[in-house]
Amino acid sequence: MFAVHLMAFYFTKLKEDQIKKVDRFLYHMRLSDETLLDIMARFQAEMQKGLGKDTNPTASVKMLPTFVRAIPDGSENGEFLSLDLGGSKFRVLKVQVSEEGKRNVQMESQFYPTPNEIIRGNGTQLFEYVADCLADFMKTKGLKQKKFPLGLTFSFPCRQTKLEEGILLSWTKKFKARGVQNTDVVRSLANAMKKHKDIDVDILALVNDTVGTMMTCAYDDPYCEVGVIIGTGTNACYMEDMSNIDLVEGDEGRMCINTEWGAFGDDGALEDIRTEFDRELDLGSLNPGKQLFEKMISGLYLGELVRLILLKMAKAGLLFGGEKSSALHIKGKIETRHVAAMEKYKEGLANTREILTDLGLEPSEADCIAVQHVCTIVSFRSANLCAAALAAILTRLRENKKLARLRTTVGMDGTLYKIHPQYPKRLHKVVRKLVPNCDVRFLLSESGSTKGAAMVTAVASRVQAQRKQIDKVLALFQLTREQLEGVQDKMRVELDYGLKRDTHPLATVKMLPTYVRGMPDGTEKGKFLALDLGGTNFRVLLVKIRSGWRSVRIYNKIFAIPLEIMQGTGEELFDHIVQCIADFLDYMGLKGAQLPLGFTFSFPCRQASIDKGTLIEWTKGFKATDCEGEDVVDMLREAIKRRNEFDLDIVAVVNDTVGTMMTCGYEDPNCEVGLIAGTGSNMCYMEEMRNIELVEGDEGKMCINTEWGGFGDNGCIDDIRTQYDKEVDEGSLNPGKQRYEKMTSGMYLGEIVRQILIDLTKQGLLFRGQISERLRTRGIFETKFLSQIESDRLALLQVRRILQQLGLDSTCEDSIVVKEVCGAVSRRAAQLYGAGLAAIVEKRREDQGLEHLKITVGVDGTLYKLHPHFSRILQETVKELAPQCDVTFMLSEDGSGKGAALITAVAKRLQQARKEN
Ligand code: BG6
Ligand code: BG6
Ligand code: GLC
Ligand code: GLC
């Protein structure tokens, strides 16, 4: 009994002495809580530095955006291939993610060796080797018939600008293949795979192992938002708020950041805690000066640190009676698995004796105890350091979420963490001590990081498939040069049809003579009233023209025309107009004045003289009854009579295109075309009288209002009309009519966009597949919204805000798609305008027998004025399709009211002259 006690006492004393000795020797490796809190604070600062745009270039902790934006939601499915390269083992896998929404993943895998001559040889050979292994795997598993999406777990620091890219920043751990740094490893691997003609894979994602681990664990636990590897190397990733990631556009949601914390301290930030052993180890490594934090922590280095310490202690006579074996001098002789074995709870001492003996040493009982304690100190320091950095991440997460307490899960992997008997316990304990306000669950990734990589790939492959569907829809709006030339040619044919007596009655482009025969000559003068009806706004104007150029003063007032009046009876409409005139005269103090009036009436009218216009049919948003087939000038006169308050001399009725041409022609006599790209779409131009068969006389020119909006009403451009155009047509006030207008003008572009969005939503490609009430509402996308959405200066978030204003609750991805849809629709519109205009200017050039035509086009309309790209694309298209015409575009600043007044002035002068005669 006594002997047993004595033995126990002796042993305890021996142990105490040895521990004290080692503690004294390695006091620098034992980190106090205070130091850990300090390291934690330093790492917090490093993260901030890495995330900042300006500070990132010099930051040692790179905080790399991974383009992984969400954790798996369980809807992932399909079959994927996966490569796992960079940890202690290289694996190729096939992952099958459940189809039926059950969270069920099946994996088949095969390990392949990674010989040093491959991982430290030539880069091309490395990728060829990886491709060979993949081909071998597919062959043995019988996977060669099918195309597979592939996710690559590549456990090295890579800069990404998208998921399927990874520019290697530097090799770490055991790898050092030449010619790979600063190149895209996805592309290199894809190239290497081209040699295998019999396999077909599509690399959709590159993920770091930390990211794969986080995703693997998140598949089972949706709280998981951090991934940590403590294996050959060490690293962590976590979900960061997009608004904190300067390097990636967008502020919405979160993105996973690969911290690459292994490089913490590479700028000297940890010099105070690094020991002589750390420095010696670093000098002997493949990447001296790099990954200094990792070298104090991870599996590749722990054994070596122990070896360096034992050697030094032996040299100092503190171990093995001062004896050193030759094996103890050899780099790498002690590995992490040895450290783990020596620290085992029960067998630890025996293991230690065995390991030391294997190293050719003759350890005493005391030596074994001391060596075991060395291992403990080294691995404990490792766990402490990891805990400090992890605590910094957890704190950041908690602060991002503005929570007093954070409940979260950390996905864990890596051999050191998995095989070391004490490591997990110690790490967890220290983390909990450092961040008492976080409830952390540590979840071991049982199936490695590839399951997670497959999840990322699954999402990417879904996105890719969706992208294809979206592209297919957008492609319908992309017109080839030949198609545009086709439009131009057909337009040209229709123009001629409309001018010819025989074909005119059936022509869809009506080519209406306007009885406007010349441009203003500058002698016009007087005070005129003008009405401007049919665009976005209804205006009443007073135009004062003084003789002498450019001396025009305009006073005007905008009046609303309520929908029920636009679509009520003709009498109501014209009574309302007269009411507005009365208000205006009142407002201007002109009550009772009898002024000549020019009426801009932006609808197709058949004219027999300048002051007569029979409405052929309503277009755009008007549908008042009893007007079609009536002379609108008469209707206005009757309404004035009905009111019986004032009299007006209605001298001219003009289309807005004509008014616009005149407005611009007043300043540039070369302006012989008027173009409207607004609510509606139309064009007028000066035609030779001899070509106008409907009007007597061959002398001089007359303006023709083409009413080109009706182009295509005979089906001649049905080949380029899409299902969406047809839907918009069917839902309009005038189905089957104005087909060209419905593909080009402001009133309809938004509707086309809306129809596309509805279809994409039905296909589950937008708005989470939910068609909201708002999206069902006709007319929500006014031209001004399209113009805003397409503005280049707008960040995604702003696009999203506009959509939200419209009542469309969109994600960032949705916003991108909506913007693309708007772009495709407006681009086609501008090109179609270009093709139409090219037909006219070419006709004018040929009619005049000119090699080159120089001509000015007066333009107006909200689409042209507000849209950020419309005018440019229109101009480019004209240039391309009519290269022999030099077309100048002149924006009508004053609207068409001024032109209408000028026409009135000319007509008045002629009227006067006739009377005098
Ligand atoms: C494995 C993962 O489980 O752990 C790898 O699948 C990862 O992606 C590895 O790199 C890390 O641990 P170690 O110890 O193999 O480097
Ligand atoms: C205005 C003209 O500036 O533009 C109107 O004065 C014309 O006559 C209008 O109808 C066309 O553009 P929108 O976009 O208002 O239809
Ligand atoms: C190294 C790599 C890093 C990886 C880690 C764990 O630190 O640089 O990308 O995540 O090892 O494998
Ligand atoms: C519609 C009208 C037309 C007008 C154009 C632009 O196409 O029919 O007359 O010029 O819109 O406002």
Side-chain angles (χ1 to χ4, degrees), residues 62 64 86-88 153-158 168-175 207-213 227-237 258-263 287 290-291 293-295 297-300 413-415 449 510 512 530-539 541 556 600-605 615-622 654-660 663 674-684 705-710 734 737-738 740-742 744-747 783-784 859-866 891-900:
K62 282 296 176 212
L64 302 166
S88 52
T153 304
F154 187 71
S155 311
F156 300 96
C158 288
L168 178 68
L169 295 181
S170 55
W171 286 116
T172 55
K173 302 179 284 192
K174 296 185 211 167
F175 281 61
V207 296
N208 188 262
D209 52 355
T210 52
V211 183
T213 299
V228 174
I229 299 277
I230 309 172
T232 316
T234 184
N235 189 14
C237 72
N258 167 15
T259 64
E260 285 294 329
W261 76 17
N287 51 350
K290 298 279 162 61
Q291 301 291 101
F293 191 57
E294 177 161 86
K295 285 171 183 163
I297 295 173
S298 76
L300 186 58
D413 204 350
T415 14
S449 58
K510 292 190 193 68
L512 303 167
L531 302 180
D532 188 352
L533 179 76
T536 314
N537 294 310
F538 168 50
R539 285 171 207 269
L541 309 93
N556 76 86
T600 304
F601 183 70
S602 309
F603 301 94
C605 286
L615 174 63
I616 300 177
E617 58 196 356
W618 286 117
T619 55
K620 301 180 282 192
F622 281 71
V654 298
N655 188 261
D656 54 354
T657 53
V658 183
T660 299
T663 300
L675 187 72
I676 298 283
T679 315
S681 162
N682 194 16
M683 200 260 321
C684 74
N705 166 17
T706 64
E707 286 294 329
W708 79 7
N734 48 354
K737 302 278 170 64
Q738 301 289 97
Y740 183 67
E741 174 162 89
K742 286 172 187 163
T744 51
S745 78
M747 183 165 165
T783 315
K784 66 170 184 231
V859 202
D860 205 348
T862 32
L863 184 57
Y864 189 88
K865 287 201 278 205
L866 296 185
L891 187 67
S892 153
E893 304 283 357
D894 299 325
S896 57
K898 173 170 153 185

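If you read the sequence from its start, that first residue is 1, and numbering goes on from there. In each ligand, atom 1 is the first atom listed, and ligand 1 is the first ligand listed. Computed from a predicted model, the values in this text were never measured in an experiment.
Between T862 and K784, the closest side-chain pair of non-hydrogen atoms is not below 4.5 Å. Proximity of K62 to L169: side-chain heavy atoms (C-beta onward) are separated by under 4.5 Å at one or more points. Inter-residue side-chain proximity for T213 and T210 is flagged as unmet; no heavy-atom pair is nearer than 4.5 Å. Counting heavy atoms from C-beta on, the side chains of L891 and Y864 come closer than 4.5 Å.
Among V211, T153, L64, D209, the residue whose heavy atom sits closest to atom 4 (C) of ligand 3 is D209. In the candidate list D656, I676, T744, T660, D656 is nearest to atom 12 (O) of ligand 4, counting heavy atoms. In this comparison of M747, K742, M683, K620, the heavy atom closest to atom 11 (O) of ligand 4 sits on K620.
Ligand 4 lies within reach of N655, whose nearest heavy atom is under 4.0 Å from it. Under a 4.0 angstrom heavy-atom cut-off, G709 registers as lying outside contact with ligand 4. Using 4.0 Å as the threshold, G535 has no heavy atom nearer than that to any atom of ligand 4. Residue N208 places a heavy atom less than 4.0 Å from ligand 3. In this structure, G262 does not count as a contact residue of ligand 3, since none of its heavy atoms falls inside 4.0 Å of the ligand.
Ligand 3 places these atoms under 4.0 Å from at least one heavy atom of T172: 1 (C), 2 (C), 8 (O). Listed by atom number, the atoms of ligand 2 under 4.0 Å from D860 heavy atoms are 1 (C), 2 (C), 3 (O), 4 (O). Those atoms of ligand 4 that come under 4.0 Å of a heavy atom in T619, given as number and element, are 1 (C), 2 (C), 8 (O). Those atoms of ligand 4 with a heavy atom of E707 less than 4.0 angstrom away are 2 (C), 3 (C), 8 (O), 9 (O). Within the listing of ligand 4, atoms 3 (C), 4 (C), 5 (C), 9 (O), 10 (O) sit less than 4.0 angstrom from a heavy atom of N682. Atoms of ligand 2 lying under 4.0 Å from any heavy atom of G678, numbered from 1 in the order shown and given with element: 12 (O), 13 (P), 14 (O), 16 (O). Near G895, meaning under 4.0 Å from any of its heavy atoms, are these atoms of ligand 2: 3 (O), 6 (O). Less than 4.0 angstrom separates some heavy atom of P604 from each of these atoms of ligand 4: 8 (O), 9 (O). Less than 4.0 angstrom separates some heavy atom of D532 from each of these atoms of ligand 2: 2 (C), 5 (C), 6 (O), 8 (O). Atom numbering of ligand 2 starts at 1 in the shown order; those under 4.0 Å from a heavy atom of G535 are 10 (O), 15 (O), 16 (O). Set against the non-hydrogen atoms of D656, the atoms of ligand 2 under 4.0 Å away are 7 (C), 8 (O), 10 (O).
Here the heavy atom of the protein found nearest to atom 14 (O) of ligand 2 is T862 OG1, 2.3 Å. If you check which protein heavy atom lies closest to atom 7 (O) of ligand 3, you get E294 OE2, 2.4 Å. What sits closest to atom 9 (O) of ligand 3 on the protein, heavy atoms only, is E260 OE2, 2.5 Å. The nearest protein atom to atom 12 (O) of ligand 2, hydrogens excluded, is given as G861 CA, 3.1 Å; this is a heavy-atom distance. Looking at atom 15 (O) of ligand 2, its nearest protein heavy atom turns out to be T536 OG1, 2.6 Å. Of the protein's non-hydrogen atoms, the one nearest atom 16 (O) of ligand 2 is T679 OG1, 2.5 Å. With respect to atom 8 (O) of ligand 2, the closest heavy atom belonging to the protein is S896 OG, 2.5 Å.
Contacts between S745 and ligand 4, counted as non-hydrogen atom pairs separated by less than 4.0 Å, are absent for every part of the residue. Counting heavy atoms closer than 4.0 Å to ligand 2, residue S602 contributes side-chain atoms (C-beta onward) but none from N, CA, C or O. Counting heavy atoms under 4.0 Å from ligand 2, residue I676 touches it through the side chain alone. Using a 4.0 Å cut-off between heavy atoms, T234 contacts ligand 3 through its backbone alone, with no side-chain atom that close.
A donor-acceptor pair under 3.5 Å is formed between the side chain of K295 and the backbone N or O of K290. Side chain of T153 to backbone of V207: no donor-acceptor contact under 3.5 angstrom is found. Remark: the backbone N or O of W261 is paired with a side-chain donor or acceptor of N235 at under 3.5 angstrom. Although no hydrogens or angles enter the test, the distance criterion places a donor-acceptor pair under 3.5 Å between the side chain of S745 and the main chain of E741. A side-chain donor-acceptor contact under 3.5 Å links N682 to the backbone of E707. K742 contributes a side-chain N or O that, together with a main-chain N or O of K737, makes up a donor-acceptor pair within less than 3.5 Å. Judged by distance alone, the side chain of S892 and the main-chain N or O of T663 form no donor-acceptor pair under 3.5 Å. T706 places a side-chain N or O within donor-acceptor distance of the main-chain N or O of M683, the cut-off being under 3.5 Å. Although no hydrogens or angles enter the test, the distance criterion places a donor-acceptor pair under 3.5 Å between the side chain of K173 and the main chain of G86. Of the possible polar contacts, one joining the K620 side chain to the G534 backbone as a donor-acceptor pair under 3.5 Å is found.
Polar contact with ligand 3: absent for N258 (N/O pair, distance under 3.5 Å). For ligand 3, the polar-atom distance check finds no N/O of T210 at less than 3.5 Å from any of the ligand's N/O atoms.
In this structure, the separation between CG on N734 and CH2 on W618 is 12.5 Å, given to the nearest 0.5 Å.
When each of N258, T232, I229 is paired with D209, the side chain to side chain contact (heavy atoms under 4.5 Å, CB included) condition holds for I229 and for no other.
The minimum heavy-atom distance between T679 and G535, with the atom names listed, is OG1-C, 3.8 Å.
For K865, the NZ atom counts as densely surrounded, since its 6.0 Å shell holds more than 12 non-hydrogen atoms of other residues, nucleotides or ligands.
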